[in-house]
Amino acid sequence: MLTIKGTGCALIDYLYSDIRLDSEVFKRYRSKKSGDGGLEPGKLVFVEDLERFADRPFSEILNNLSGGRKPDRRRCLKVTRFRCNSMARVAMMKAGKP
């Protein structure tokens with residue numbers, strides 16, 4: 001039997017409206033193969049993986065995707081010992097796979 005424990009910290013999402021998923025700039029950062037570090041709508045992608053995939057710093061990727069606009073909203077989810085957000089869950093699930 002394998003036991004996995006996880007912990008985390010605050011997770012901040014910057015929300016932008018009107019980002020075209022069919023635009024050329026989005027396609028540039030879109031995953032070619034699931035799990036390769038590219039953007040996958042509806043899935044979690046870590047910044048480090050996206051930077052490696054695109055060979056660009058996140059600030060440049062975000063600027064390209066947003067057209068330099070400020071976010072429409074900022075949402076902060078906190079992870080405590082009683083509540084676990086999707087980022088910690090995904091990390092724990094991946095760690096538990098053989």
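Model, not experiment: these values are computed from the prediction. Count residues from 1 along the sequence.
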Here the pair of heavy atoms bringing Gly38 nearest to Leu50 is CA-CD1, 4.3 Å
For Asp22, check side-chain hydrogen bond (donor to acceptor under 3.5 Å, both in side chains) against everything at least two apart and list the hits.
Arg20
Enter the distance from Ile19:CD1 to Leu39:CG here, rounded to the nearest 0.5 Å.
10.5 Å
Give, for atom CZ of Arg52 and atom CG of Asp36, the distance between the pair rounded to the nearest 0.5 Å.
11.0 Å
Interatomic distance, Phe58 atom CZ to Asn63 atom CG [nearest 0.5 angstrom]:
11.0 Å
Under the salt bridge (charged side-chain N to carboxylate O under 4.0 Å, His left out) test, which residues partner Glu48, sequence neighbours left out?
none
Closest contact, heavy atoms only, Lys32 versus Lys27
NZ-O, 3.9 Å
So for atom NZ, which belongs to Lys33, do other residues, nucleotides or ligands contribute more than 12 heavy atoms lying within a distance under 6.0 Å?
no
In Å and rounded to the nearest 0.5 Å, what is the CG to CG distance from Leu21 to Leu65?
10.0 Å
Once rounded to the nearest 0.5 Å, what's the spacing between atom CZ of Arg28 and atom CZ of Phe53?
11.5 Å
With sequence neighbours excluded, tell me which residues meet salt bridge (charged side-chain N to carboxylate O under 4.0 Å, His left out) with Arg56.
Glu60
N/O donor-acceptor pair under 3.5 Å between Glu40 side chain and Val45 backbone
no
Mind running side chain to side chain contact (heavy atoms under 4.5 Å, CB included) on Ser31 and Lys43 for me, showing each step along the way?
CA-CA 11 Å; Ser31 178; Lys43 294 188 178 180; over 6 Å; no
